[in-house]
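Before any comments, here is the structure.
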Amino acid sequence: MNTPDNGVRPTDGPVVALVPAAGRGVRLGESTPKAFVPVGGTPMVRLAVEGLIASGAVDRIIVMVPTELVDSAVALLPPTGSVQVVVGGAERIDSVRAGITAAPDAAYFLVHDAARALTPPELIARVTAELRAGRPAVVPGLPVTDTIKSVDAAGAVTGTPERAGLRAIQTPQGFAADLLRSAYATEGIQATDDAGLVERLGVGVHTIPGDPLAFKITTPLDLRLADAVLDGAGIGRAVAP
Ligand code: C5P
């Protein structure tokens, strides 16, 4: 992709990955904040950071954690000058904003949930390549296998969007840095992903194929799946004839 269709010029400059890891992780049923829960013996946040480093596409990584866990995070993350830990916020959006503020030099941002701990480095490199080629906003997504319905507060179905036109969106989500700064410039905004904020600015967001391994570890079942993937045997045993 050499010709951006949006007027945004490709630029050189640092790619800074922001890793929100300040969630409490209630749905996982653990007492430890989610990003610090081990998967295959290694805390999720460390796995996520190792994936970013292994991609070879990221210049700097900023990890946002709960205030009381800054020291623990520094101790468990790779001891390289390219990884920095900052205090996150009450909501994910506040944590990402803290990361943006800590990287005034960024030319591109990747926002990558610590909870997507098994994301293949190759996916991270593909998102970054699209950014460097001039796309202002790039997100990985997978076709959905369930039929999705909208419902009202009472549980009554209000619509059934056509499945073929839906994607389950993953991270890393990549953005030209100034675009993400603009998206976060307004206080009090709400969105479940960063691309949603960019869409509100009227800027096109491009999807690329995601990867099943970039699933978000949210429930106890997800945690067992992630352990099995790292164990290397569980998945194969489950599907073997
Ligand atoms: O809760 P959810 O699974 O959507 O969280 C996605 C990511 O955002 C997790 O990695 C979590 O640690 C992070 N997060 C954060 N600050 C918060 C809440 C969530 O960094 N206040």
Side-chain angles (χ1 to χ4, degrees), residues 16-40 42-53 55 58 60-74 76-78 83-103 109-120 123-124 127 139-142 144 167-175 180 183-184 187-198 210-227:
V16 177
L18 307 179
V19 181
R24 301 287 157 181
V26 185
R27 287 167 291 177
L28 207 50
E30 303 270 338
S31 53
T32 316
K34 178 162 85 171
F36 292 78
V37 170
V39 176
T42 304
M44 282 187 220
V45 64
R46 175 159 180 133
L47 290 172
V49 166
E50 286 175 346
L52 288 161
I53 293 171
S55 75
V58 174
R60 206 144 59 79
I61 301 168
I62 300 175
V63 184
M64 292 79 79
V65 303
T67 186
E68 70 279 11
L69 289 175
V70 168
D71 290 345
S72 321
V74 169
L76 67 82
L77 289 171
V83 180
Q84 181 186 348
V85 176
V86 302
V87 176
E91 304 290 338
R92 182 183 181 283
I93 217 161
D94 305 312
S95 298
V96 174
R97 189 180 271 118
I100 292 172
T101 304
F109 284 118
L110 297 182
V111 187
H112 185 41
D113 288 337
R116 297 186 190 270
L118 305 189
T119 301
L123 175 59
I124 297 163
V127 171
V139 299
L142 289 177
V144 295
R167 294 291 177 273
I169 297 303
Q170 305 178 317
T171 73
Q173 299 193 350
F175 306 96
L180 194 66
Y184 271 84
E187 291 293 331
I189 45 174
Q190 292 296 331
T192 54
D193 77 336
D194 305 284
L197 298 174
V198 165
D211 191 299
L213 284 175
F215 69 98
K216 185 164 70 171
I217 302 169
T218 306
T219 66
L221 181 61
D222 297 331
L223 193 53
R224 289 180 66 176
L225 175 62
D227 278 331

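Counting convention: from 1, in listed order, for ligands and their atoms alike.
Protein heavy atom at the shortest distance from atom 13 (C) of ligand 1 is Pro20 O, 3.5 Å. With hydrogens left out, the protein atom closest to atom 5 (O) of ligand 1 is Lys34 NZ, 4.3 Å, a heavy atom. Protein heavy atom nearest atom 1 (O) of ligand 1, with residue, atom name and distance: Arg27 NH2, 3.0 Å. Atom 7 (C) of ligand 1 has Asp113 OD1, 3.4 Å as its closest protein atom, hydrogens excluded (heavy atom only). At the top of the distance list for atom 20 (O) of ligand 1, counting protein heavy atoms only, stands Ala22 N, 2.8 Å. For atom 16 (N) of ligand 1, the closest heavy atom belonging to the protein is Ser95 OG, 2.7 Å.
Within the 4.0 Å heavy-atom criterion, the part of Ala90 lying near ligand 1 is the backbone and not the side chain.
Checked by distance only, ligand 1 and Gly23 come closer than 3.5 Å through their nitrogen or oxygen atoms. An N or O contact shorter than 3.5 Å is missing between Ala35 and ligand 1 by distance.
Of the candidates Lys216, Arg92, His112, it is Arg92 that places a heavy atom closest to atom 8 (O) of ligand 1.
Asp222 and Arg116 are not joined by a salt bridge, as no carboxylate oxygen comes within less than 4.0 angstrom of a charged side-chain nitrogen.
Using a 4.0 Å cutoff on heavy atoms, Gly88 does not count as a contact of ligand 1.
For the pair Leu118 and Leu47, the minimum side-chain heavy-atom distance is below 4.5 Å. Side-chain atoms of Leu223 and Lys34, non-hydrogen and from C-beta on, never get closer than 4.5 Å to each other. Between Ile53 and Val83 the shortest side-chain heavy-atom distance falls below 4.5 Å. Taking 4.5 Å as the limit, every side-chain heavy atom of Gln170 sits out of range of all side-chain heavy atoms of Asp113.
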Before you tell me yes or no, could you show the steps for Arg167 and Val139 under side-chain contact (heavy atoms from CB on, under 4.5 Å), namely the whole-Å CA-CA distance, both residues' side-chain angles and the distance that decides it to 0.1 Å?
CA-CA 10 Å; Arg167 294 291 177 273; Val139 299; over 6 Å; no
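In this view, Glu91 satisfies the salt bridge (charged side-chain N to carboxylate O under 4.0 Å, His left out) rule with no residue, not counting sequence neighbours.
Under a 3.5 Å cut-off, the side chain of Arg97 and the backbone N or O of Tyr184 do form a donor-acceptor pair.
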